[in-house]
Each structure stands twice: as C-alpha cells, then as structure tokens.
Amino acid sequence: MPTLLSLYPGPQYLLRVATFRLQGSKVLAVSMTGDSVKAKNGSMVAYDGQMAFKKMSGGGEGLRGMVTRRLTGEQMEVMEVRGQGTCWFADRASEINLVSLHGEKLWVEASNLLCTDAGLRTGTTFTGMRGGATGNGLFTTTVEGTGQAAIMSDGPAVVLRVTPQYPLQVDPGAYIAHQGNLQQHFQSGVTFRTLMGEGGGEAFQIRFEGDGLVYVQPSERNTIGGDL
Amino acid sequence: MSTPVIHDPTTLPSDDNVNPYTFCVELKGSQWFLQKGKMIAYYGRIEFNGIGHGRLDRLVRTSFHSPLHASDWVVAEGSGKMLLADRAFDVNSFDLDQGNLTIRSGNLLAYEPTLALKQSIVPGFVTLIGTGKFVAASNGPVVFMEPPMRVDPQALVGWADCPSPCHHYDHGYMTGVMGGVRALTGIGGTSGEEHQFEFVGAGTVLLQSTELLMADRAIGGPPAQAGVPGGHGAHGSGQSVPGSVPRLPGQLGDLQRRFGL
Amino acid sequence: MPFREINSKMVEATVVPGQRMFSQRGAMLAYRGDVTFTPNIAGGQGGVMSMIGRRVAGEATPLMTVEGNGTVMFGHGGHHIQVIGLTGDTLYVEADRLLAFDGTLEQGTMFMGSQGGVMGMVRGQVTGQGLFTTTLKGHGAVAVMAHGGVVELPITPGRPVHVDPQAYVAHHGDVRNKLSTALGWRDMVGRGSGEAFQLELSGSGAVYVQASEEKL
C-alpha cells in the first residue's frame with residue numbers, strides 16, 4: 001500500500017531518516033539530518049546546507065545489483081548523498097511518485113527509480129524473458145525494507161489494483177513498477193492484419209494475476225513487440 | 001502531499017479522464033477505433049484487431065475512410081476498461097453532435113465507430129463526422145479560440161465547423177526585398193512568423209500550447225491526381241528538417257513533409 | 001502585467017500601440033488583430049537590442065520585436081513557462097530561456113567573469129552562453145521557459161544554495177554567484193565534461209531551478 005510519511009512508526013525514527021517531500025510533481029525535496037539517501041546519478045538539481053556525494057561502486061550489499069545492471073547495457077548508476085540540509089532531485093522533467101514501504105517489496109524498472117532512503121535495500125531480480133522481445137525488463141530492480149522510495153514516470157503514474165477477480169494486462173512500455181503478490185506472464189497473441197499488409201505480427205503484453213498494485217505511466221518506452 | 005489514488009475496474013471512470021494524461025474507455029460488448037501504440041493497460045476481455053481484419057469489414061466501411069492511415073489503427077472489441085495515453089501528452093475527449101471536426105492525424109487517439117473518419121483535403125489532417133466521442137492528445141492542454149485569427153501551423157490541433165484555413169504570409173515578407181533575401185538566404189534572420197494559417201468565419205479553432213510538433217507516423221501521400229492537394233508524389237524532398245529552413249512562399253511549411261516524403 | 005497564463009505551457013500577451021514587446025523568434029503560436037513580428041538584426045535596431053544581438057555572435061538567441069494592436073499567444077517547444085514579475089529589481093537569466101518580455105524592461109548583459117574570476121569563464125563554457133548572462137531590470141513581466149516547470153528556492157544570508165548549472169534557470173535579488181567543484185561532484189554529476197561544476201548562489205534573493213538537468 002503506498003502511503004505517505006505520516007504513517008512512520010515513531011518520532012525517534014523520523015529523526016534519523018530523510019524526509020521526502022514533493023515540490024510540485026517533478027521535484028523531490030529530501031531533508032536530511034546527517035543520514036543518507038541513494039539517488040540516481042546526476043539527478044541532483046540543487047541543495048542547501050552541507051552535502052557530500054559519493055559514487056556507489058561495486059561490492060556493497062544489494063548494490064551489486066546496480067552494478068550488474070551495467071552489464072545489461074542499462075546505464076543506471078547510483079550515488080549516495082549524505083548531509084544536513086535539503087537536497088532537490090529531478091530527472092528530465094519526469095513525474096515523481098512517492099512509495100512508502102513497510103517491509104514489503106517493490107519491483108521497479110531500474111531507470112524509473114529516483115531515490116531511496118537508508119531504510120531500504122535495493123537489489124536486482126531476473127524477471128524472465130519479458131525483455132526478450134521488448135528490450136526492457138530483463139532485470140528489474142527490487143526495493144525492500146521500511147522507508148520511502150521515489151519512483152519516476154513519464155507523466156503521472158496510474159496505480160491499478162490487481163485482484164484474483166480482476167487480472168490486468170499492461171503494455172510493457174508503460175509498465176514502471178509493481179508490488180504485492182503478483183505473478184506476471186508474458187502474453188502474446190494480439191494479431192494485426194491490416195489492409196496494407198503492414199503491422200503484421202504480434203503485440204506483447206504483460207499479464208498480472210494475483211493480489212497487488214501495478215504502476216503504469218501514460219507513455220510508452222519504445223518497444224519492439226508492444227505495438228498496441 | 002496527496003496519497004496516490006489506487007484504481008480498480010470498479011473505480012476507473014467510464015469514458016472519461018483518469019488524469020489529464022490518461023483516458024479510460026469502457027467497452028460493453030462495443031467497439032472503438034484506436035491508434036496503435038496508445039493502449040497502456042486494460043482490464044477485462046478485449047480483443048484488438050487490425051483494420052484490415054476481414055470480420056471488421058462492415059464496420060470499416062461505415063466508419064473508416066482513410067486508407068492512408070489504415071495501418072495505424074486497430075479496433076478494440078469486447079468488454080472491460082482500457083487506458084489510453086500518448087507519450088504523456090495531454091489527453092482529452094470531445095463529443096460531436098451531428099458535427100464535424102478536423103484534426104491533425106497524429107493527435108487523434110481513438111474514436112467511437114458512430115463517427116466516420118475521413119481524410120481532410122488539408123494534408124496531414126483527418127475529419128470526423130457524425131455523433132459520438134473521440135479522444136485526442138495535444139502538447140499542453142487544448143485551447144479553444146474563435147476566428148478571425150492566425151495560427152502558427154505547428155500550434156494547430158484542428159478546427160470545428162469553420163471553413164478550412166488559408167495560408168497567410170506577412171506582407172512585408174512577401175513584398176520586401178529584404179524579406180525575400182532573408183527568406184532565401186537566411187541572412188539577417190527571419191522572425192519565424194512570416195507564415196500562418198488564417199481562419200475566418202464562424203467556428204472553433206483548437207490550439208496546442210507549443211510549437212513542438214507531435215511526431216507522427218509516415219502516412220504516405222494522397223492519390224497522385226490532378227486537383228488533389230499534395231498529390232504530387234516525391235517532389236520537394238529538400239526540406240527534411242521542418243522549421244530549420246526559412247519557408248518560401250508557396251511552400252506548405254511543415255505540412256510539406258507529409259507530402260509523401 | 002501583460003502576460004496572462006492560459007496554461008502551464010502557453011501565455012497570452014496583449015499588445016497595444018506604442019508599447020512593444022520582445023519575444024524569442026518562432027515562439028508565436030497564434031495572434032489576433034494587427035500585430036507585426038520583426039526580427040532584430042544586430043545593429044539594425046538601436047540601443048539595447050543590438051547589445052543582445054551582438055553579444056551572442058552566433059545569434060544563439062534570436063529575438064523579434066512584437067508591435068501593434070492585438071493579442072498574441074506565446075509558447076515554445078513544449079516547455080513550461082514561468083512568468084516572473086519584476087518590480088524594480090534585476091533578473092538574471094540565460095538568454096535562450098527568454099520566451100517574451102516587456103519592452104519597457106531595461107536589458108543588459110552581465111559579464112559573469114567579473115564575478116567568478118577564472119571560474120566565471122568556466123561557467124561560460126558550462127552553460128554555453130559565453131561569458132554573459134542577460135539581465136532585465138525595471139518594472140514589467142518576463143516569461144521564462146523551463147523544462148518541466150520550475151521551483152523557486154529562496155536564498156538567505158548564511159544559507160547559500162548550490163545548483164546544477166544545467167538545471168539553473170534564472171535568479172534575482174542581491175545574489176553572488178560562483179562556480180565551484182564539490183567534493184566528489186565530478187563523479188556524481190558527470191554526464192558531460194562541464195557538469196563537474198556547481199553554481200553556488202549566496203546573498204538574499206531567489207533562484208529558479210527546473211525539474212530537469214537538460215538544457216533547453
């Protein structure tokens with residue numbers, strides 16, 4: 001359940017954990033009191049107070065996933081920002097969505113993860129051949145623990161609930177994240193036959209079943225198969 | 001700070017916007033025409049078929065009259081709710097009641113089969129005729145204006161009820177030697193505003209807020225036939241980057257790239 | 001206030017006889033009435049305009065004069081537009097972010113090098129603006145473009161704000177700026193060679209930052 005900061009356990013916890021706040025819908029303001037956050041490299045647009053930036057290199061726990069990603073060709077580098085003051089993050093005018101986690105796991109496309117606080121661990125899971133046709137989603141970043149994460153979308157994300165009664169089909173290019181107990185299937189079988197004889201072939205979709213939430217964006221990354 | 005709204009099939013709106021960038025269409029055994037690549041997610045049982053699918057022949061005969069665009073469209077059929085969006089552009093629905101509206105083909109996302117889609121004689125535009133709903137995207141919210149007015153070609157989304165626009169060239173640009181020299185050579189610069197579409201008469205003009213043209217798919221050209229605007233095949237291929245080269249009188253500016261280049 | 005915000009990406013300006021306005025070339029979306037758009041040629045138009053014209057030798061920011069009687073809609077490139085009202089103070093803004101502004105505003109250029117020393121020169125390279133930044137001073141309104149909208153961050157004495165030069169849009173007030181390298185910054189922000197620098201703004205005033213590190 002994405003809920004916001006108000007549900008944090010206690011004040012003593014708040015003191016040590018960065019506060020995430022949206023300024024408008026495209027700028028994330030993070031207030032820190034000596035603690036640190038992990039953020040997408042290059043996404044800082046301004047700060048006041050004292051901040052130190054450290055490039056995350058391979059070796060750290062959970063971090064290896066980030067590094068692994070480079071092997072897959074996805075340029076997803078992470079920096080650690082530590083300090084006292086406020087740091088503002090933004091990335092190519094993307095919309096920012098705050099997700100608060102309480103021990104559960106969030107799967108998110110690596111390029112859509114902007115910032116996570118120190119209470120969260122990130123890793124990488126192999127999500128199967130979904131990417132085989134689409135070029136994305138071969139590896140998905142996982143975020144786990146208790147804390148705040150900021151995920152990005154091209155246009156404001158729509159959060160869709162999946163229940164056993166209501167499975168959901170999503171265009172791979174519009175998928176950004178999901179959480180909960182969901183099974184995803186790669187589904188094909190949408191056929192196009194046209195007057196012009198063009199556009200033959202199949203469009204691929206991801207089918208989600210189970211119980212959980214799926215975040216989609218009102219835009220599509222370029223996909224090869226998802227031509228619908 | 002707002003808690004994100006979580007939608008499910010019961011809370012999603014029916015034929016209305018979910019947010020300014022996402023539109024939800026409800027199908028109850030009915031059909032919608034849909035531009036390819038604009039469906040981002042759906043609940044329920046919905047089938048998507050290309051326009052040329054034999055079973056749809058009759059529907060296409062009554063509601064789709066634009067062979068140039070046929071490969072860009074599919075028909076969604078079934079029951080459920082589907083979400084439409086286009087590169088995070090603003091999305092809006094429009095209702096026509098025994099009306100007609102002409103729109104840039106790249107901006108049209110979906111429409112009800114009670115409307116008929118036809119090619120406009122203005123290259124790159126299509127006209128919707130009849131009664132029903134359609135969904136269109138625009139770069140920034142659509143602004144409605146009434147003629148008389150002049151519009152930068154790139155900012156034009158479409159127009160309703162009024163006569164088709166004509167070209168307007170700045171007087172000084174047409175007659176002045178300097179203007180001519182500037183336009184031809186680029187020396188001294190042009191203001192970039194020498195040419196507009198002019199609308200007169202009664203009706204409504206739809207503007208988008210920016211001059212960034214929404215990229216759309218190549219649509220080929222209209223039939224090469226005397227009297228058909230733009231129907232002259234592969235001429236004028238020199239102007240490959242719209243906007244970067246000063247337009248010359250008689251050229252259609254940014255529409256030229258739709259001439260079948 | 002001559003600009004009316006129609007939406008986040010479009011402003012409407014009222015043009016009245018005897019009061020001209022300047023806008024970026026090609027930023028006109030539509031107009032009504034009798035309005036002319038004249039490109040500004042370096043030297044051709046006297047006074048301050050030629051200054052801006054000459055400044056950017058490559059005509060990086062072509063402006064045009066808008067005169068007449070009517071209303072004009074401005075917008076450009078899908079960028080968000082921020083209207084900033086000036087009441088006697090000075091706005092510092094990168095010239096290519098100017099969408100349109102009142103002709104009554106006094107235009108000038110500021111040699112950034114004079115403030116930042118060697119770093120000022122670096123700044124010129126960073127922003128691609130040469131060593132100059134446009135200043136607008138007086139009473140009037142300025143429509144400024146930004147990728148993805150802007151946030152206004154206050155600058156107060158003793159609490160300087162550090163800004164990614166790529167995200168910097170404009171600032172006003174009594175503000176000193178200097179470019180510096182932050183510890184580790186080069187590694188962090190290093191997308192292009194120039195991004196190893198950050199802009200430090202101190203004093204009192206405000207800086208406008210856009211929600212993107214992409215220059216226009």
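These numbers come from a predicted model, not from an experiment. We name chains A, B, ... by the order of the sequence lines, and we start the count at 1 in each one.
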Within a strict 4.5 Å, meaning less than it, do heavy atoms of the N19(B) and V158(A) side chains meet?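 A side-chain contact exists here, since the closest heavy-atom pair is under 4.5 Å.
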Any side-chain heavy-atom pair of L160(A) and D8(B) under 4.5 Å: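 No, every pair of side-chain atoms sits at 4.5 Å or beyond.
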For chain B, which of N97(A), V214(A), D154(A) has the most heavy-atom pairs under 4.5 Å?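 Max contact count across the listed options: D154(A).
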Under 3.5 Å, side chain of Q169(A) to main-chain N/O of A41(B), donor-acceptor pair present?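 No; zero donor-acceptor contacts below 3.5 Å.
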Over all heavy atoms of both residues, which pair between [X] and [Y] is shortest? Give the atoms and the distance, please.
{"X": "I40(B)", "Y": "P218(A)", "result": "CD1-CA, 4.0 Å"}
{"X": "M39(B)", "Y": "D171(A)", "result": "O-CB, 3.7 Å"}
{"X": "A85(B)", "Y": "S219(A)", "result": "CB-N, 4.2 Å"}

What residues form a side-chain hydrogen bond (donor to acceptor under 3.5 Å, both in side chains) with E112(B), not counting sequence neighbours?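 Once residues adjacent in sequence are excluded, E112(B) has no partner under the side-chain hydrogen bond (donor to acceptor under 3.5 Å, both in side chains) criterion.
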Is chain A contacted by the side chain of L83(B), its backbone, both, or neither, given a heavy-atom distance below 4.5 Å?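 Looking at L83(B), just its side chain touches chain A.
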Can you name the residues that form a ring-ring contact (aromatic ring centres under 6.0 Å, His included) with Y21(B), not counting sequence neighbours?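 If we apply the ring-ring contact (aromatic ring centres under 6.0 Å, His included) test to Y21(B), skipping adjacent residues, there are no hits.
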Can you name the residues that form a ring-ring contact (aromatic ring centres under 6.0 Å, His included) with Y43(B), not counting sequence neighbours?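 Applying ring-ring contact (aromatic ring centres under 6.0 Å, His included) to Y43(B) gives none.
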Report, by ascending residue number, the residues of residues 9-17 of chain B in heavy-atom contact with chain A at a distance under 4.5 Å; give 'none' if the set is empty.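 Only P9(B), T10(B), L12(B) of residues 9-17 of chain B have a heavy atom under 4.5 Å from chain A.
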Where on P156(A) is there a heavy atom nearer than 4.5 Å to chain B: the side chain, the backbone, both, or neither?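 Its backbone and side chain both get close to chain B.
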